[in-house]
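Below is one structure; the comments refer to it alone.
Excluded from the calculations below are hydrogen atoms, water molecules and symmetry mates; all remaining heavy atoms, backbone and side chain alike, are included. Quantities reported herein were computed from a predicted structural model and do not represent experimental measurements.
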Amino acid sequence: QVSSKRGELPCKEKHVVLLSPLGKIQISGCEMGLHEIKLPRMSVLPSGAESSAACEVCEGAEEMTEPLQQCTAWLRAYFCEPATTGSLPVPAFHHPLLQRDSFTRQVLWTLLNDVKLGEAVSYKQLADLAGNSRAARAVGGAMRSNPIPIIIPCHRVILSSGETGNYGAGRPMKEWLLSHEKLQKEKAAQ
């Protein structure tokens, strides 16, 4: 159970596991929104970013709240037809980090709203977009604490040099996500 602001009842956390081309993604949330998306750590890339491995809920389907249903639908679209994610609702978030007013929250919302599929920004560019051009290091901290990866696309934040940089689920995962999006963008442009 996660208790939110004082006076609010603790929410009932539900869990679901989505089998994706990247392995099992664990998602938790309640009636009010998503709490967390946990990606499997990777040391090697799955073969072929084109992998259209079935994207199915393999655990917890019977107790899915609306935010969990929206999240799994969004992730399924992301892996199978990324261009369609723009037309899907982004599930509500119910994680304390995304509730309180902070620079981290500002950075994560800016990233969600302004950096689109197939794009990438540097930590410094994202700091500029979020309103504090000198906060590139703080942007790195915000990326590390992002509770909703992929939907809040911290994998799209790269080093100014153009190198991918680190990623919580491992650099191969970040590289896979970026190349998956690039391939899909090129396909859509044809």
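Of all non-hydrogen atoms in Q70 and A92, the two that sit nearest each other are OE1-N, 4.2 Å. Taking each heavy atom of P89 and W74 in turn, the nearest pair found is O-CD1, 3.9 Å. When all heavy atoms of P67 and L34 are compared, the pair lying nearest together is O-CD2, 3.9 Å. Annotation for C55 and L18: closest pair SG-CD2, 4.1 Å, computed over non-hydrogen atoms. The shortest non-hydrogen separation linking L98 to L108 is CD2-CD1, 3.7 Å. Smallest separation of non-hydrogen atoms from F79 and S20: CE1-CB, 3.7 Å.
To the nearest 0.5 Å, atom OG1 of residue T72 and atom CD1 of residue I37 are 10.0 Å apart. Separating the OG atom in S145 from the CG atom in L97 is a distance of 5.0 Å, to the nearest 0.5 Å. A distance of 5.0 Å separates NE2 of H94 from SG of C11, quoted to the nearest 0.5 Å. Here OG1 of T65 is found 8.0 Å from NZ of K14. Values are rounded to the nearest 0.5 Å. Taking CE of M143 as the start and OG1 of T104 as the end, the distance is 8.0 Å to the nearest 0.5 Å. If you take SG on C154 and CG on L126, they are separated by 10.5 Å, rounding to the nearest 0.5 Å.
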Test side chain to side chain contact (heavy atoms under 4.5 Å, CB included) on L39 and Q26; report intermediate values, then the result. CA-CA 7 Å; L39 301 174; Q26 297 173 5; over 6 Å; no
Evaluate the side chain to side chain contact (heavy atoms under 4.5 Å, CB included) criterion for residues Y78 and I151: first the C-alpha distance (whole Å), next the side-chain angles of each, then the deciding distance (0.1 Å), finally the verdict. CA-CA 9 Å; Y78 176 84; I151 294 181; over 6 Å; no
Candidate pair H95 and H35, rule ring-ring contact (aromatic ring centres under 6.0 Å, His included), full reasoning: CA-CA 5 Å; H95 185 283; H35 293 180; 7.7 Å; no
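Between the K38 side chain and the I25 main chain, no donor and acceptor come within less than 3.5 Å of each other. A donor-acceptor pair is defined here as one N or O able to donate and one able to accept, closer than 3.5 Å; no such pair exists between the side chain of K124 and the backbone of R137. In this structure, the side chain of N166 does not engage the main chain of R171 through any donor-acceptor pair within 3.5 Å. For R144 (side chain) and G168 (main-chain N/O), no donor-acceptor pair under 3.5 Å exists by modelled atom type. At least one donor-acceptor pair under 3.5 Å links the side chain of Q99 to the backbone N or O of F93.
By the rule that hydrophobic residues join a cluster once side-chain heavy atoms approach within less than 4.5 Å of another member, L75 and L178 end up as members of separate clusters. A continuous path of ILVMFWY side-chain contacts below 4.5 Å connects V57 to I27, so both sit in one hydrophobic cluster.
With a 6.0 Å radius and a threshold of 12 heavy atoms from other residues, nucleotides or ligands, K116 has its NZ atom above the threshold. Other residues, nucleotides and ligands place no more than 12 heavy atoms under 6.0 Å from the CD atom of E163. For E119, the CD atom sits in a packed shell: over 12 heavy atoms of surrounding residues, nucleotides or ligands are nearer than 6.0 Å.
In summary, of the residues considered (K182, H180, E186), a side chain to side chain contact (heavy atoms under 4.5 Å, CB included) with Q184 occurs for H180 alone.
Counting only heavy atoms from C-beta outward, the side chains of S28 and E36 approach each other to under 4.5 Å. With a 4.5 Å cut-off on side-chain heavy atoms, C71 and M64 do not count as touching. Residues I158 and Y123 form no side-chain contact, since every pair of their non-hydrogen atoms from C-beta on lies 4.5 Å or further apart.
One side chain, H155 or E181, offers a donor N or O that lies under 3.5 Å from an acceptor on the other.
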